[in-house]
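This report refers to the structure that appears directly beneath it.
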Amino acid sequence: MRILEGLRPQEALYYFEELCAIPHGSRDTKRISDYCVRFAQTHGLRYVQDEWNNVVIYKPASKGYEEHPTVILQGHLDMVCEKDADCDIDFSKDGLRLAHDGKYIFAEGTTLGGDDGIAVAYALAILASDTLKHPPIEAVFTVDEEIGMLGADAMDMSVLQGRVLLNCDSEDEGILTVSCAGGATSCLKRPIIREAAQGEVWRMAVRGLTGGHSGVEINKGRANANKVLAQILEKLSVRLLSIDGGSKDNAIPRASEALVIAEQPEAAFAAAAAEVKKKLPATETAVEFVCEKAESGMLPMTEESSTAVIGLLNALPNGVQAMSKDIKGLVQTSLNLGILKTAADEVQMTFSVRSSVNAEKAALIASLREIGSSFGAVYSQSGEYPAWEYQKESRLRETMVDTFRALYGKEPVVEAIHAGLECGIFSDRLKGLDAVSFGPQMHDIHTSRERLDIGSVERTWDYLVAVLERL
């Protein structure tokens, strides 16, 4: 028996459960891409699958809608793979362990991948239906969105005729997103030298922070574990062996850990941790500080390398840098130290940089480069993507507002977002594109506490079907 059987909307949740059974983390999308191809073949629909695993499936208009403008339904196939420390799921082999409590769908011990599996499920259900009313449809499923929107960036968009795009990659019901920030993935690599040294090896760690999405939750007072640990280490006399924290540049790290050489550091660590804890935001009630003996086969860094790495980590900016003066409550510019990783000969620091103002994004990147250089680090960059600019005139936005009002008797929220959406790339490549992003209610995305609101999934399905009828 299917876990989600009996829940509504049956059509979409059937495909959502199918997708959840297929491993589909970023850079591991071949299997889920092939599933979409088999779906198209089974339903006799034309499709294109490119070398990146992006898939486009075409469906003709329903009767009476043949002359209506083509609509692009768009979502991404990859998910963020995060799990609890005691969870034995292997994301490269295992499907998710779906569960629900009647109100929420979740995965036991892991992220759910509602971001953005529900978008793909909605589109597949529409493609499979022979009763819904809709214009010609181009269902676009991109890959590797969560690691820099690489699939959309690489996609040949000449295969698309549509200039109306419904992106279902938002996680707050009742909000229509009509603009987003541009961004880039920035990396600093600080070379290190290692040498033999006497002393005991200790593990020093920060755990149990709230974490979250580095775009939509960067202004919610959630501490970055990499920065918190660096603040503690700066107050101690230690030599680093390694320092590691976070696995995704667009996720606020919940934990960070260093192996160090130190002499009886427990008291000093406790004092430093207590001082740092006082300055943590009120959200971080579950934080844990760990100082314990450990073992390692690595040589420690030289004193110069260790001091430079810790100094650089503390000198680098992090979090909100500027708020919008035009849109109340909108973060305009930010960055997140999402990945901290130690290799044999260098320490890598990877940031997600975002801004809805291109000049501010450029200035922040220049600052990272300058600060890094002053500590002997080398800067590199990847995954840069454009901002999606607000359009004053939008038939799609008007239709979606009118439809929402008719269904629910109230106004939707129309807003910009401080997060990267693939709409920015599509609007940059498809001139004249009219786009809106929306979606059902989700909570704690990119964490193992991720939940998908069942009632919201049904309401959003009804809304999507009604919008398509009006376009």
Side-chain angles (χ1 to χ4, degrees), residues 81-87 187-209 211 223-249 251-277 280 284 286-316 318 336-351 372 375-378:
C81 295
E82 293 286 341
K83 64 180 183 178
D84 293 334
D86 60 352
C87 178
C187 182
L188 287 170
K189 295 182 179 180
R190 208 296 177 177
I192 58 174
I193 298 173
R194 298 181 182 272
E195 65 179 11
Q198 296 297 318
E200 293 182 312
V201 178
W202 291 80
R203 175 179 293 104
M204 296 181 175
V206 176
R207 299 170 183 164
L209 296 178
N224 183 305
N226 290 330
K227 293 291 287 184
V228 173
L229 181 58
Q231 292 168 23
I232 294 173
L233 294 174
E234 190 175 40
K235 303 176 185 299
L236 305 176
S237 177
V238 299
R239 292 266 295 276
L240 287 174
L241 285 80
S242 63
I243 183 165
D244 300 273
S247 58
K248 303 289 187 301
D249 67 276
I252 302 170
R254 300 178 60 203
S256 189
E257 177 179 300
L259 293 179
V260 305
I261 294 288
E263 294 296 333
Q264 298 180 336
E266 299 103 315
F269 178 89
E275 184 178 344
V276 170
K277 185 176 182 179
L280 290 180
E284 306 302 354
V287 63
E288 298 178 27
F289 299 98
V290 177
C291 180
E292 61 188 13
K293 287 187 177 181
E295 295 182 356
S296 175
M298 292 183 289
L299 291 175
M301 302 177 198
T302 63
E303 184 174 350
E304 186 277 335
S305 292
S306 183
T307 300
V309 169
I310 295 172
L312 176 56
L313 285 169
N314 281 284
L316 289 166
N318 188 77
N336 174 63
L337 176 51
I339 306 174
L340 179 56
K341 184 178 181 181
T342 302
D345 58 355
E346 66 183 13
V347 175
Q348 303 173 16
M349 307 166 193
T350 304
F351 293 82
F375 283 87
V378 178

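Nothing here was measured: the structure is a model prediction, and the numbers come from that model.
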Which residues satisfy the side chain to side chain contact (heavy atoms under 4.5 Å, CB included) test with Lys189, sequence neighbours excluded?
Cys187, Glu346, Gln348

Minimal heavy-atom distance between Leu209 and Arg254, with the atoms involved, is O-NE, 3.0 Å

Here the pair of heavy atoms bringing Ala258 nearest to Leu233 is CB-CD1, 4.0 Å

For residues Glu284 and Val228, determine if any side-chain heavy atom of one lies less than 4.5 Å from a side-chain heavy atom of the other.
no

Residue pairs involving residues 297-306 (criterion salt bridge (charged side-chain N to carboxylate O under 4.0 Å, His left out); sequence neighbours excluded)
Arg190-Glu304

Without placing hydrogens or testing angles, list every side-chain donor-acceptor pair under 3.5 Å for residues 261-270, not counting sequence neighbours.
none

Applying side chain to side chain donor-acceptor pair (under 3.5 Å), which residue pairs with at least one partner in residues 305-316 are found, sequence neighbours left out?
Thr302-Ser305

Closest heavy-atom pair and its distance - Leu229, Ser256
CD2-OG, 3.5 Å

Determine, step by step, whether Glu257 and Arg207 satisfy the salt bridge (charged side-chain N to carboxylate O under 4.0 Å, His left out) criterion, reporting the C-alpha distance in whole Å, the side-chain angles of both residues, the deciding distance to 0.1 Å, and the verdict.
CA-CA 8 Å; Glu257 177 179 300; Arg207 299 170 183 164; 3.6 Å; yes

Atom CG in Leu337, atom CG in Leu316: separation rounded to 0.5 Å?
7.0 Å

Interatomic spacing from NZ in Lys248 to CD in Glu82 - rounded to 0.5 Å:
5.0 Å

What is the minimum heavy-atom distance between Leu236 and Ala272, and which atoms define it?
CD2-CB, 4.1 Å

Take Asn336 and Phe351 through the side chain to side chain contact (heavy atoms under 4.5 Å, CB included) test and state the conclusion after the steps.
CA-CA 5 Å; Asn336 174 63; Phe351 293 82; 6.0 Å; no

Side chain to side chain donor-acceptor pair (under 3.5 Å) contacts touching residues 289-298 (sequence neighbours left out)
Glu200-Lys293, Arg203-Glu292

Sorted by first residue and then second, give each salt bridge (charged side-chain N to carboxylate O under 4.0 Å, His left out) pair with at least one member in residues 226-246; sequence neighbours left out.
Glu195-Arg239, Lys235-Glu275

From Lys341 NZ over to Asn226 CG, what is the distance, rounded to the nearest 0.5 angstrom?
13.5 Å

If we only count heavy atoms from C-beta on, is the Ile232 to Met204 side-chain gap below 4.5 Å?
no

Which distance, rounded to the nearest 0.5 Å, do you find between the CG of Leu313 and the CD1 of Ile243?
5.5 Å

Rounded to the nearest 0.5 Å, what separates atom CE in Met349 from atom CG in Asp249?
15.5 Å

Which atom names give the shortest non-hydrogen contact between Leu280 and Ala223, and what distance separates them?
CD2-CB, 3.9 Å

Distance in Å, Leu240 CG paired with Ile192 CD1, rounded so as to fall on 0.5 Å steps
8.5 Å

Would you name the heavy atoms of Phe375 and Gly311 that are closest together and state the gap between them?
CE2-C, 3.5 Å

When you compare the side chain of Val347 with that of Leu312, does any pair of heavy atoms fall below 4.5 Å?
no

Val206 vs Val276, test: side chain to side chain contact (heavy atoms under 4.5 Å, CB included). Steps then yes/no.
CA-CA 11 Å; Val206 176; Val276 170; over 6 Å; no

